[in-house]
Amino acid sequence: MQIVFETFLEKLSESVDEADFRTAMAGAAAGLELITFAYLALPPQRSGKPKLISNYPARWTAHYLQNRYQKIDPVIMRARCGGCPFRWGSDMRGFATSQVQQRLFGEAAEFSIRCGLTIPIVDRRGCFAAVTFAADEPNPAFLRVAERYEQALQLMATCFHIHVRRKLSGNRTVDGVLLTPREYECLQWAARGKSAWDIACILGIKPRTAAFHLDNAKKKLGVRTITQAAARLGLG
């Protein structure tokens, strides 16, 4: 478990887009013999769009979002109450599910999503998210892993959420110029007085890679030095 968790954290620190985050969590899940996962973060504003990072079948996730199932999904409704991780099945015992909700479960089952372990996340900013590890059936292996590693999975889910929120949800515009997640991150550290070598150590990348991103940020902002580029962060 320790190797899986350490590798997971390394992958998170290196992730700069949704594909990277998907690979990081999928690899960790596979290391624990969990096949599929879904991370869903709901926006604080009603007009905002939910963020879904998952290795579920693409047809299912597209259908789920198109129909706004996050608004009626009993699993998400239960998770929004917060609390401890919980296991669920197609019957969702203890919940009065409507016909629409039952249809949702029936459609999910067509994509081999019939049960799972869901971890609610409510962070200090009041943002809600949930990470679900799903399976086709509640077989002994899945139940054993879910029970044995529940606390570890909860920690992984929280780390995943924090990294995603920090790297994908923030405003990366500097003085009216949009930077990539990695360019923005490197520039933030440069503004704190860190060198390319320091930034490489912090982010777990090569010094030349950090220098590359800083140079790109400098060119986009039309300045000659990293100090000038970093000074523009306050104008973004």
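Values below: every heavy atom of this structure, side chains too, minus hydrogens, waters and symmetry copies. Bear in mind the structure is a predicted one, so any value in this text is a computation, not a measurement.
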Taking the inter-plane angle between the rings of [X] and [Y] on a 0 to 90° scale, is it parallel (under 30°), tilted (30 to 60°) or perpendicular (over 60°)?
X      : Y     : answer
Tyr69  : His63 : perpendicular
Phe160 : Tyr39 : perpendicular
Phe5   : Phe8  : tilted

Inset, instruction - Identify whether the distance between the nearest side-chain nitrogen and carboxylate oxygen of Glu147 and Arg87 falls below 4.0 Å. - result: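 Result for this pair is no, no salt bridge flagged.
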Looking only at non-hydrogen atoms, find the nearest pair between [X] and [Y] and report the distance.
X      : Y      : result
Ala130 : Ile76  : CB-CD1, 4.3 Å
Leu203 : Arg182 : CD1-NH1, 3.6 Å
Asp215 : Ile226 : N-CD1, 4.5 Å
Pro138 : Cys115 : N-SG, 3.4 Å
Ala190 : Leu214 : CB-CD2, 4.0 Å
Ala79  : Thr118 : CB-CG2, 4.2 Å

Inset, instruction - Sorted by first residue and then second, give each salt bridge (Lys or Arg N to Asp or Glu O under 4.0 Å) pair with at least one member in residues 19-40; sequence neighbours left out. - result: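 Every pair satisfying salt bridge (Lys or Arg N to Asp or Glu O under 4.0 Å) with a residue in residues 19-40: there are none.
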Legend entry - Pairs satisfying salt bridge (Lys or Arg N to Asp or Glu O under 4.0 Å), at least one member in residues 201-211, at least two apart: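 For residues 201-211, and leaving out neighbouring residues, there are no salt bridge (Lys or Arg N to Asp or Glu O under 4.0 Å) pairs at all.
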When rounded to the nearest 0.5 angstrom, what is the spacing between [atom1] in [X] and [atom2] in [Y]?
X      : Y      : atom1 : atom2 : result
Asp73  : Asn67  : CG    : CG    : 12.0 Å
Asn55  : Thr61  : CG    : OG1   : 10.0 Å
Ile35  : Phe142 : CD1   : CZ    : 10.5 Å
Ile205 : Glu185 : CD1   : CD    : 8.0 Å
Phe21  : Leu12  : CZ    : CG    : 6.0 Å
Ile202 : Cys186 : CD1   : SG    : 9.5 Å

Just by distance, do the side chain of [X] and the backbone of [Y] share a donor-acceptor pair under 3.5 Å?
X      : Y      : value
Arg103 : Ser98  : no
Gln101 : Ile72  : yes
Gln228 : Arg224 : yes
Ser13  : Glu10  : yes
Ser54  : Phe37  : yes
Arg232 : Leu221 : yes

Counting only heavy atoms not in [X], do more than 12 sit closer than 6.0 Å to its [atom1] atom?
X      : atom1 : answer
Lys218 : NZ    : yes
Lys194 : NZ    : no
Leu143 : CG    : yes
Phe111 : CZ    : yes

Taking the side chain as every heavy atom from C-beta outward, state whether [X] and [Y] have any atom pair closer than 4.5 Å.
X      : Y      : result
Tyr184 : Val174 : yes
Glu107 : Trp60  : yes
Met25  : Ile53  : no
Phe86  : Arg78  : yes

Do the side chains of [X] and [Y] join up, straight or via other hydrophobic residues, at under 4.5 Å, putting them in one cluster?
X      : Y      : result
Phe212 : Leu178 : no
Val145 : Ile3   : no
Val16  : Leu9   : no
Tyr149 : Leu155 : yes
Leu42  : Leu65  : yes

Inset, instruction - Test side chain to side chain contact (heavy atoms under 4.5 Å, CB included) on His161 and His163 and set out the steps. - result: CA-CA 6 Å; His161 170 69; His163 277 77; over 6 Å; no
Inset, instruction - Quick one: do Thr132 and Tyr56 satisfy side chain to side chain contact (heavy atoms under 4.5 Å, CB included)? Show the steps, please. - result: CA-CA 11 Å; Thr132 293; Tyr56 285 176; 3.6 Å; yes
Legend entry - Residues Leu34, Leu117; criterion side chain to side chain contact (heavy atoms under 4.5 Å, CB included); working and verdict: CA-CA 10 Å; Leu34 297 170; Leu117 170 71; over 6 Å; no
Inset, instruction - Let me see the working for Phe133 and Leu32 under side chain to side chain contact (heavy atoms under 4.5 Å, CB included), right down to the final yes or no. - result: CA-CA 11 Å; Phe133 298 94; Leu32 299 176; over 6 Å; no
